[in-house]
Number of protein chains: 2
Amino acid sequence: MRDVAALAKVSTKTVSRVINGLPGAGAEVVERVRAAARTLGYRPNLAASGLRRSDKRSATIGVLFEDLSNPFDSALLRAVEDRARHNGVLVLAGSSEDDRALQGELLVSLSARRVDGVVVMAAGGHQDALQQERERGTPMVLVDRPPTFGGTDCVTTTNRESSREAVLQLAALGHRDIAYLGDRRTLWTSQERYTGYLEGLAQAGLTLREELVRTDLHGADFAETAATALLDLDRPPTALFTAQNLVTVGAMRVLRARGLQRRIALIGFDDFPLADMLEPGITVVRQDVPGIGRKAAELIFARINGDTSPPVHAVVPAALVRRGSGEIAPSAP
Amino acid sequence: MRDVAALAKVSTKTVSRVINGLPGAGAEVVERVRAAARTLGYRPNLAASGLRRSDKRSATIGVLFEDLSNPFDSALLRAVEDRARHNGVLVLAGSSEDDRALQGELLVSLSARRVDGVVVMAAGGHQDALQQERERGTPMVLVDRPPTFGGTDCVTTTNRESSREAVLQLAALGHRDIAYLGDRRTLWTSQERYTGYLEGLAQAGLTLREELVRTDLHGADFAETAATALLDLDRPPTALFTAQNLVTVGAMRVLRARGLQRRIALIGFDDFPLADMLEPGITVVRQDVPGIGRKAAELIFARINGDTSPPVHAVVPAALVRRGSGEIAPSAP
DNA sequence: TCCTCCTACGTCAACGTTGACGTAACCGAC
DNA sequence: GTCGGTTACGTCAACGTTGACGTAGGAGGA
């Protein structure tokens, strides 16, 4: 900046004025400064600027998701990023691996970089690190899972209601033995979806068969094992409700391996690419991922811009997408 | 920091020493400072630190890909992020939409934040903005597509060789009418893959039928239209080579809609989730995405740490994954 | 003519941190 | 007892930028 000032024969303050488009600089001077900046390849230093400015904005937000390579997470990131771009804000992104310690470290890193706010998919278990950061005044929005502490916005989907709806649809087709395959029980979403499953059973007048419930399936491999065990029961389920993406894929593989994909009904929570191209197409509960991302971004930017209204828990509705696998009636034994 | 110093009754310099774990602070003082920092919830300001420090590192790198919600891009991001984390570095991520102007703006934003380096998937067309940034001294690694200017590392895959291999495999099965469906021709990868297609035809002693070549298919919908047109030819192809992800999906849909998925061979470039679950499984050229990401991260961190060896063009091999669709022999007319 | 107001600049200090350097206290060796 | 060396601090200025404030010169009005 000093070099630019020297070359344009003005003070650094005038360069600052020109760069920031502030009034108080004559047309000729503006031109000289612009030219000097161009020839020297000058780029303002946002860090120094933020240090001095009164608002102390870094024009950067943090995004901490579980795994940025997961389609759900990356679609969410993209939606947040789009909104951020419109506000001239860049995104610092990290994967927490659902590991509290790692999430805490990343949070400290973000804090050290003075991000204006963070959008977080909270790791399972206690949220002390999140709460602490929140209490230091960092604007924060949780996505997918709500906070266990107060005063913080969050955006989730209709986990319970949509799960109930899925189970009710299966029951309406005549299924009485509907299995539940779920992700880690520490996750709030898993609990909600399981609750929805129970509600669905109850509402359909079905009794819960404990042995048809398999949880803590961390990935497709675990889901395969669980699905295999279920099908080997004396009285196997005639329908499966898989409460997560990878679990659905694992269950599908087993059905397919046994040639049962047209005989046993399957509804999964979370859509995935090509679900419509399989035979049969996979009926899923589809979350409105861009909608969730948009809402989260809206909330965080509102807070950053000083919105002090009471915390919001936004619920973005999911929809049942019927493709065939969830419309299979129970076959005669 | 001043508050911490005051509370611990030391100078700010001593606080700095304690925070950075530098020698020259007594055990008792260290404890006092730590306690004070904890009670005040002190977080060092990395921006200010970077401003003063001699090395001027921001411990942040930039990643500019085409679309962070694309599975290829997000897997790449994840691989880079993992490596970055090991170096205590955070990632500023952005989607350029293959738009030069947008990519340029994002690059300026990154530059203003003084990122230590950038990993870029160059937008099609001229790369003036990239070159300019590179010449300002920013360490840079291009992924997926090479630079059109010198002095810059890049990491790509075996586009040409693997495409040739795919075509040769089809030819070996007896196919003589092999169609090519490709992405935008401005993309270097598309050109390479097309060249590989031509080489494969030549090597198998087949002559190119121009009407079997369809390019500039920007997305699955365009691919569907093109595939439909190909199948409606008087002498339709007996095998398709689809040179990109979404193009493969579009072609698949058409084959499936016409019930030809077991009669017409298909090999796609780029793997995608569930390609193995379809019927038949889709034979693809699979890029080693984590390998590409790792290599790119390695290169950028080496450059950031002062490696001045000549620029490298790393080529990470792709592999043909046989799943059925690419092993269909031409059916009798 | 003189005063006021505005415009177009410049000067200075401060943001939070650390490199360079200073200094007081203590240790061991001669 | 003095000297060189080490340890444990502190002081000061600077990183690149901008807010607060100062000033010179010209326009405009009474």
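Naming convention: chains lettered A, B, ... in sequence-line order (proteins, then strands); numbering from 1 in each chain.
Put simply, CD on B/Glu133 and CD on B/Gln103 are 11.0 Å apart, with the number rounded to the nearest 0.5 Å. Here the CG-CG distance, from A/Leu187 to A/Asn159, works out to 10.5 Å after rounding to the nearest 0.5 Å. Taking CD from B/Glu66 and CG from B/Leu76, the interatomic distance works out to 12.0 Å, rounded to the nearest 0.5 Å. The line from OG1 of A/Thr138 to CG of A/Leu107 is 7.5 Å long, rounded to the nearest 0.5 Å. Within the model, atoms OG1 of A/Thr39 and CZ of A/Arg34 stand 14.0 Å from one another, a figure rounded to the nearest 0.5 Å.
An angle of 50°, rounded to 10°, separates the two end axes of the helix from C/dT1-D/dA30 to C/dC30-D/dG1, each defined over five pairs.
Using a 4.0 Å heavy-atom cutoff across all strands shown, B/Arg17 reaches at least one base atom of the nucleic acid. Heavy atoms of A/Val15 sit nowhere under 4.0 angstrom from any nucleic acid atom. Counting non-hydrogen atoms under 4.0 angstrom, B/Pro44 reaches the backbone sugars and phosphates but no base. At a threshold of 4.0 angstrom between heavy atoms, the contacts of B/Ser11 include nucleobase atoms, whether or not backbone atoms are also involved.
Along DNA chain D, the nucleotide nearest A/Arg2 and the nucleotide nearest A/Thr12 are compared for position; the residue whose nucleotide lies closer to the 5' end is A/Arg2. Comparing A/Asn20 and B/Ala27 by the nucleotide of DNA chain D that holds the closest heavy atom to each, the one mapping nearer the 5' end is B/Ala27.
Considering only heavy atoms from C-beta on, B/Ser95 comes within 4.5 Å of B/Leu68 through its side chain.
Salt bridge status for B/Asp98 with B/Arg145: present, with a side-chain N to carboxylate O gap under 4.0 Å.
Partners of B/Asp67 according to the salt bridge (Lys or Arg N to Asp or Glu O under 4.0 Å) rule, which considers only residues two or more places apart in sequence or in another chain, are A/Arg78.
Boundaries of the chain B contact region on DNA chain C are C/dC15 to C/dA20, first to last in 5' to 3' order (nucleotide atom under 4.0 Å from a heavy atom).
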